[in-house]
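Each chain gets a letter, A, B and so on, in the order the sequences are listed, and its residues count up from 1.
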Number of protein chains: 2
Amino acid sequence: MDYKKQLEAYFAEVDEKCLLGLSIDCVIFGFSNNQLKVLVLRWKLTNEWGLPGGFVYKNESVDVAAQRILKERTGLSELFLQQFHTFGEEVRYNRAEISQKLNWPDPSTRKWPNRTVSIGYFALVDFLKVTPSVDFQTDEYRWMDVENLPPLLFDHNHIVEVALKTLQVQLSWQPVGYNLLPEKFTMPELQRLYETILNRPLDPRNFSKKMRALGIIERLEEQRRGGAFKSPYLFRFNKEKYKKALKEGSLAFT
Amino acid sequence: MDYKKQLEAYFAEVDEKCLLGLSIDCVIFGFSNNQLKVLVLRWKLTNEWGLPGGFVYKNESVDVAAQRILKERTGLSELFLQQFHTFGEEVRYNRAEISQKLNWPDPSTRKWPNRTVSIGYFALVDFLKVTPSVDFQTDEYRWMDVENLPPLLFDHNHIVEVALKTLQVQLSWQPVGYNLLPEKFTMPELQRLYETILNRPLDPRNFSKKMRALGIIERLEEQRRGGAFKSPYLFRFNKEKYKKALKEGSLAFT
DNA sequence: ACAAAAGTGTTTGCCTTACACCCATGC
DNA sequence: GCATGGGTGTAAGGCAAACACTTTTGT
């Protein structure tokens, strides 16, 4: 079956099984090479990039739909996943342009209304644990630097901006890092993560003091070797305390 | 035309002109008698209360729809109005029960899917400026104490809870009060507002100091007379500085 | 030995908190 | 004159910010 046929079949199935006019877009943040990355996909047979997304089944909550989409894309479940905004502008993007770029079938054959409201979720994932997979609509995935994204499809650049801003605000009263870093990490790595999200430099002495005072990380005996420099200690999050702080939002980081 | 006919006509119009399966619910907060109030409506010919809400026209952004609904209900425009969450649980409430309580027409005649996703907005309004109006579906409106709401229709109690929590969090990094208080207010009134939202007592000396240090209010020469006690000074917000603080989110109140 | 990055402690000032008495007004 | 609520200052402690040198390791 050629791609166009596949697309038609897919849209027919969406029209039948999913809520009409509603979609989900996921901003999947990862952290690698001291940069905050976003997972983006290249659409089949095009050079166009966009965020992973999908539709909500008729008998499925939107939170579960977001989890499902995330799992399909990253292979991971039980992630930190949070709804952050619903995008319902009258005109979010040029539909004709998108249809043309993506070789979409004639919209007049669809039940779909000529407008989509999209619920934005963001996820924080451990870059190393993720094994993104492509589906029939996707040719390739890539982790791109959040500060240096190309023009994306739809209003996805805007969605990423809003997600990033939400993350920055949350950082000041909730811990961040559990799902973004590997299980064991060094203090400088954690600091780079905070610096990257906040987009400003932090003092390593103050950062270390503050982080350790929060009581959500534990220093291990192990040190990491490998560089021509002093071996850094490894830390890990105390999962219980981290979750507690997350739930209570009781953690001030300024 | 009797009410049932009106309802049928209304639903037919909604099905034709509005986005299907999507609604908006508004939590309209006011402040009066030292209590945080929510505007609730009693549905026509019932004893059931619920939040004001409505639907989104096909050619209307969700933000504009929320503004329109608010204006219809309060007569006010240019309010502080903010999207705070989208409620998309698979089963948000018992549909049969609601239909029965509200005397809704047979749902099988509608295009509407058997499930609605609702975008929640909250508004902060000056209790005194509001002149709520009832529409054909409403018999009565009432300002109810947010801490003492009766069981509301749909999942509206839950929606109010989430709105209140959002407001509490926002209070710590954005100013609140501009749209909740009259133009001129006294320091104790502002303090009551903060105490009410945060649900804890505050020290009047510290509160006054902190508020005045934030630089968003101005003390007027005037004092308010009327009680058997020392006349309190009147204050007003400096609109420019208030808006700036709102935009930047740069205001810490702990 | 040298380059690269990690680790660490002290001081300063500010912001937060705790706390209690007198004042103005209307009745 | 008395009851009611409004207005105000100070002292102490904790938190955040500024700041620089030594240590470890690999090459």
Would you kindly give the [atom1]-to-[atom2] distance between [X] and [N], to the nearest whole Å?
X: B:Met211; N: D:dT8; atom1: CE; atom2: P; answer: 16 Å
X: A:Arg224; N: C:dA4; atom1: CZ; atom2: C1'; answer: 16 Å
X: B:Leu202; N: D:dG6; atom1: CG; atom2: C1'; answer: 16 Å
X: A:Tyr194; N: D:dA16; atom1: OH; atom2: P; answer: 13 Å
X: B:Leu190; N: D:dG7; atom1: CG; atom2: P; answer: 12 Å
X: A:Gln223; N: D:dT24; atom1: CD; atom2: P; answer: 10 Å
X: B:Leu220; N: D:dG6; atom1: CG; atom2: C1'; answer: 16 Å
X: B:Asn34; N: D:dG6; atom1: CG; atom2: P; answer: 9 Å

Quick one: label [X] by what it contacts on the DNA or RNA (base, sugar-phosphate, nothing), any heavy atom closer than 4.0 Å.
X: A:Arg212; value: sugar-phosphate
X: B:Arg219; value: sugar-phosphate
X: B:Arg192; value: sugar-phosphate

Could you tell me if B:Lys210 sits above the aromatic ring of B:Phe253, with its cationic atom closer than 6.0 Å to the ring centre and no more than 45 degrees from the axis?
yes
Assess the residue pair B:Ser133 and B:Arg73 against the criterion (side-chain contact (heavy atoms from CB on, under 4.5 Å)); give the C-alpha distance rounded to whole Å, side-chain angles, the decisive distance to 0.1 Å, and a yes or no.
CA-CA 5 Å; B:Ser133 57; B:Arg73 294 303 183 178; 5.7 Å; no
Just by modelled atom types, is the A:Glu140 backbone N or O under 3.5 Å from a matching donor or acceptor in the A:Thr138 side chain?
no
If we ignore hydrogens and angles and just use 3.5 Å, is the side chain of B:Glu195 paired with the main-chain N or O of B:Arg200 as donor and acceptor?
no
How far does CH2 of A:Trp143 sit from CD of A:Gln35, to the nearest 0.5 angstrom?
13.5 Å
Please check if atom OH in A:Tyr178 has more than 12 non-hydrogen atoms from other residues, nucleotides or ligands closer than 6.0 Å.
no
Can you check nucleotides 19-21 of chain D for protein contacts, nitrogen or oxygen pairs under 3.5 Å, and list what you find?
{"residue": "D:dC19", "atom": "N4", "partner": "A:Asp203", "partner atom": "OD1", "Å": "3.4"}
{"residue": "D:dC19", "atom": "N4", "partner": "A:Arg205", "partner atom": "NE", "Å": "3.2"}

Could you please spell out the steps behind the side-chain contact (heavy atoms from CB on, under 4.5 Å) verdict for B:Phe235 and B:Lys184?
CA-CA 6 Å; B:Phe235 291 79; B:Lys184 297 174 183 178; over 6 Å; no
What is the ring orientation for A:Phe122 with A:Phe29, classed by angle as parallel under 30°, tilted 30 to 60°, or perpendicular over 60°?
perpendicular
Does anything in residues 230-237 of chain B come within less than 4.0 Å of DNA chain D? Heavy atoms only, and list the residues if so.
B:Lys230, B:Pro232, B:Tyr233
Checking A:Leu180 against A:Val176 for the side-chain contact (heavy atoms from CB on, under 4.5 Å) test, could you report, in this order, the C-alpha distance in whole Å, the side-chain angles of both residues, the deciding distance, and whether it holds?
CA-CA 8 Å; A:Leu180 275 172; A:Val176 164; 3.9 Å; yes
Take A:Arg200 and A:Gly226, find for each the nucleotide of DNA chain D with the closest heavy atom, and name the residue whose nucleotide sits nearer the 5' end.
A:Arg200
Using heavy atoms to find the nearest nucleotide of DNA chain D for B:Met187 and A:Arg225 separately, return the residue whose nucleotide is more 5′.
B:Met187
